[in-house]
Novice: 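Sharing a structure with you now.
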Number of protein chains: 2
Amino acid sequence: MAFRVTAFDVAQRAGVTQPTVSRALNGSPKVSDETRAKVLQAAQELGYVINQNATRLRRGETMTLAVVLIGRAGESATETNPFYFSLLGSVAAAATARGYNLLVSFQDSPENFFGQYDDARQADGMIVIGTTQNPEAWAYFRGLDHADKAWVCWGAPDDDLRWVRSENEGGGRIAARYLLDCGRKQPVFIGARTSQQRQFGERYEGFAEELRSAGIVATAIEVDETLSREEQGVEAVRSLLQSGQAFDAIFAACDLTALGVLRALSDSGISVPEHVSVIGFDGIRAGNYSSPPLTTIEPDFQQAGDLLVQNVLNRIAGEPLTERRVPVQLVKRGS
Amino acid sequence: MAFRVTAFDVAQRAGVTQPTVSRALNGSPKVSDETRAKVLQAAQELGYVINQNATRLRRGETMTLAVVLIGRAGESATETNPFYFSLLGSVAAAATARGYNLLVSFQDSPENFFGQYDDARQADGMIVIGTTQNPEAWAYFRGLDHADKAWVCWGAPDDDLRWVRSENEGGGRIAARYLLDCGRKQPVFIGARTSQQRQFGERYEGFAEELRSAGIVATAIEVDETLSREEQGVEAVRSLLQSGQAFDAIFAACDLTALGVLRALSDSGISVPEHVSVIGFDGIRAGNYSSPPLTTIEPDFQQAGDLLVQNVLNRIAGEPLTERRVPVQLVKRGS
DNA sequence: TTGAAAGCGTTACCAA
DNA sequence: TTGGTAACGCTTTCAA
């Protein structure tokens, strides 16, 4: 930990006072070009970089957003739903574009729940994403939801939180339309419609709605919410087959579930898409590599990141929330 | 942005002075239990949280590590090699375990290259991970490598940087042994042995070494480093087939390449593992969903995160680097 | 065991 | 346009 250069050192070298250094480096218009040049050169020569802790203490703002990624308890890094990593990347891009830093934490159990980044002045706002399969975590964050706290989440188990979500109903309709266009007559929805994950219910609604308009009554297989998303797909196919119910298409609530479905169908000797069409939701990369590649409904990730950041910045500024629905599109692959 | 509670407010309520509040909250032994209890209660009642900017300014340390994830220029969030997301998750876990926060940034082009987190007192150290397919980024970070800077990277194109890596040679040997045990006689390595990614060369070395001890001369298909990892696999299979060279096994330098290989073989009507065995390296989740599921060499992610964090903390403390090789293991799946 | 006071390195206000 | 000075909210040294 070497000697650190301060604005005073730069000031001395440039032959000005320290506040002038500050003004010059912050692009204040009330500093002469000549002075600015001197300061810039001195700063360069000394390798001076503004100490952000001092800046933040003084300004009261951190230019940092905290991102909390909620995982299932005990989940390892490889087990995290890749969807949230993509979301994280998009949020990072959107934050960077607006000049914000990102403080990231992975939280999965009560010992490490923490959401007071604002109070601690570590961040100006917070974005919470991740699985709804960790009710304790969501309970914790809901407890933080005081009126003056700037935070926004993705998905959210409860409608009263400030969320950004996919256009789930529209996506559900697109999925239904796609399966109908494939000539399917007996589509089944697999996923926890009534789960903590409100988005699943929305997807089902759109799906059922579109089928209804085609004169078809949607059926759904409820799943055990304590299983992993993938196992939910496997189990659902198992119970579907056991029930003897006829089906020729499956709309899975999310891609991981769909990949489980694909595996279970394959294990049962049912070929996709010959016998059964399968469509998922999320657009995760792994869907590219399944056999057949997974057809899916993919949200616009860039928009997702943008809207999350934009909404939390609006909260910080005390402005109202803006658009909170992320458009989705059909990605046709092989299933 | 409401009124913020300070240690003075807590002090007043508790009937002590502000420094006592600080001592009590920081667990100083030189404060009476009675006083501490009063302070804690007052803090609780007021919802007081220590302002980290003030703490950091005063202490000079941030208890934060910066993680830079380098991507290919223009790469979107879904295109990032999921291996790095797993690594990020592991680093996050290791950092949290040691009481450190994580500042994360995704960097892919010169406009957003930034590595002066230490100078700016935004972090005490830095961990750089991500693709070696962005030479400008690595050139930038190499330029930062002054003797007193605390940063460590994963992989690294150059041996002179401070890196943590997989046990690549050992992994290469395991891959060769596995293929030999499958009864394969003509294994081929696919990947850029001489690429910026030094780890690939190491994997090849171990692979060739083990084959040599079995009396087999390793062959390798060089690839175009400007292609994506996956396309590298596709192209390599294409040129392998064109060359007419006989082969019955492929060791791909990384899993994404292996997935490309799998796809290309499938497209050519070559069945895996009947005609050709395929093994990759990285242990990414998508390998679970390919057809057949991808056999691979997987590094111990937890250790990887641990070693990265541990080494950067050692650098901060001015201590020597510790162990820098992450153990790997064979993950047999279907290929 | 506690209090008084200094200081971390900026930004911003007020004068000049 | 620049300089002097206060203030941001803590931690730490020194006295009591």
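Heavy-atom basis, side chains included; hydrogens, waters and symmetry copies ignored. Please read these numbers as outputs of a predicted model, since none were measured by experiment. Numbers restart at 1 for each chain; the letters A, B, ... are given by sequence-line order, proteins then strands.
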Novice: Between A:D124 and A:R315, is there a salt bridge with N-O shorter than 4.0 Å?
Specialist: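 Result for this pair is no, no salt bridge flagged.
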Novice: When all nucleic acid strands are considered with a 4.0 Å heavy-atom cut-off, which category describes A:Q52: base, sugar-phosphate, or nothing?
Specialist: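 No contact.
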Novice: Where the side chain of B:T17 is defined as all heavy atoms beyond and including C-beta, which of D:dT11, C:dG3, C:dT11 is the nearest nucleotide?
Specialist: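 The listed nucleotide nearest to B:T17's side chain is C:dG3.
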Novice: Within this structure, what is the CZ-to-P distance between A:F8 and D:dT5, rounded to whole angstrom?
Specialist: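 Atom CZ in A:F8 sits about 12 Å away from atom P in D:dT5.
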Novice: Can you check whether A:Y84 and A:F106 have ring centres sitting under 6.0 Å from each other?
Specialist: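 No.
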Novice: Please report the distance, rounded to the nearest Å, between NZ in A:K30 and P in D:dG3.
Specialist: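 Interatomic distance, NZ of A:K30 to P of D:dG3: 14 Å.
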Novice: Identify the heavy atoms of B:Y140 and B:G115 that sit nearest to each other, and give their distance.
Specialist: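 Result for this residue pair: OH-N, 3.0 Å.
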Novice: To the nearest angstrom, how far is A:N51 atom CG from D:dC8 atom P?
Specialist: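 Spelled out: CG on A:N51 to P on D:dC8 is 18 Å.
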Novice: With respect to the side chain of B:R59, which nucleotide from D:dT12, C:dT10, D:dG9 is positioned closest?
Specialist: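 Within the option list, the nearest is D:dT12.
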Novice: If you check every side-chain atom of B:T20, which of C:dG3, D:dT2, D:dA6 has the closest atom?
Specialist: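 So the nucleotide nearest the side chain must be C:dG3.
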Novice: Between P on D:dT1 and CZ on A:R36, what's the gap in Å once rounded to a whole number?
Specialist: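 The distance from CZ of A:R36 to P of D:dT1 comes to 10 Å, rounded to the nearest Å.
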Novice: Provide, to the nearest angstrom, the distance between the CD atom belonging to B:Q122 and the P atom belonging to C:dG9.
Specialist: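 Taking atom P of C:dG9 as the reference, CD of B:Q122 is at 16 Å.
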Novice: Would you mind classifying the nucleic acid contact of A:N26 as base, sugar-phosphate or nothing, using non-hydrogen atoms under 4.0 angstrom?
Specialist: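 Since only primed, P, OP1 and OP2 atoms lie under 4.0 Å of A:N26, the category is sugar-phosphate.
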Novice: Whole angstrom is fine here: how far is it from CZ in A:R56 over to C1' in C:dC8?
Specialist: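 Atom-to-atom, A:R56 to C:dC8, this comes out as 16 Å.
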Novice: Charged N to carboxylate O under 4.0 angstrom, A:R142 versus A:D158?
Specialist: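 Counted as a salt bridge, because a side-chain N and a carboxylate O are separated by less than 4.0 Å.
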Novice: On DNA chain C, check which nucleotide each of B:G15 and B:A54 is closest to and give me the residue with the more 5' one.
Specialist: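 Nearer the 5' end of the strand: B:G15.
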Novice: Using whole Å, what does the distance between atom C1' of nucleotide D:dA7 and atom CZ of B:R4 come to?
Specialist: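 Distance check: B:R4 CZ to D:dA7 C1' gives 17 Å.
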Novice: Give one of base, sugar-phosphate or nothing for B:T55, where a contact means two heavy atoms less than 4.0 Å apart.
Specialist: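 The answer is sugar-phosphate, as B:T55 gets under 4.0 Å only of primed atoms, P, OP1 or OP2.
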Novice: Among the nucleotides D:dC10, C:dA4, C:dT10, which one has an atom lying closest to any side-chain atom of B:P19?
Specialist: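 Within the option list, the nearest is C:dA4.
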Novice: Given C:dT1, D:dC10, C:dA4, identify the nucleotide with an atom nearest to the side chain of B:S32.
Specialist: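 So the side chain of B:S32 is nearest to C:dT1.
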Novice: Look at the side chain of A:L57 and decide which nucleotide, out of C:dG9, C:dT11, C:dG7, has an atom nearest to it.
Specialist: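 The nucleotide sitting nearest to the side chain is C:dG9.
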Novice: State whether B:R13 and B:E45 are salt-bridged, where the test is any N-O pair (Lys NZ or Arg NE/NH1/NH2 against Asp/Glu carboxylate O) under 4.0 Å.
Specialist: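 Looking at B:E45 together with B:R13, the answer is yes, because their closest N to O distance falls below 4.0 Å.
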Novice: Choosing from D:dG9, C:dT10, C:dT2, which nucleotide comes nearest the side chain of A:I50?
Specialist: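 Side chain of A:I50 sits closest to C:dT10.
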Novice: Checking only heavy atoms, does the side chain of B:R58 share a donor-acceptor pair with the base of D:dT11 at less than 3.5 Å?
Specialist: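 For B:R58, whose side chain was compared with the base of D:dT11, there is a donor-acceptor pair (under 3.5 Å).
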Novice: What contact category does B:R23 fall into here, base, sugar-phosphate, or nothing, at under 4.0 angstrom with non-hydrogen atoms?
Specialist: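 B:R23: base contact, heavy atoms under 4.0 Å.
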Novice: What's B:S22 touching, base or sugar-phosphate or nothing? Going by heavy atoms closer than 4.0 Å.
Specialist: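 Base contact - B:S22 has a heavy atom under 4.0 Å of at least one base atom.
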Novice: Base, sugar-phosphate, or nothing: which does A:R121 touch, judged by heavy atoms less than 4.0 Å apart?
Specialist: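 If one applies the 4.0 Å heavy-atom cut-off, A:R121 turns out to touch nothing in the nucleic acid.
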Novice: Hey, does the Lys NZ or Arg CZ of B:R165 hover above the aromatic six-ring of B:W163, less than 6.0 Å from the centre and inside 45° of the axis?
Specialist: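 Yes, a cation-pi geometry.
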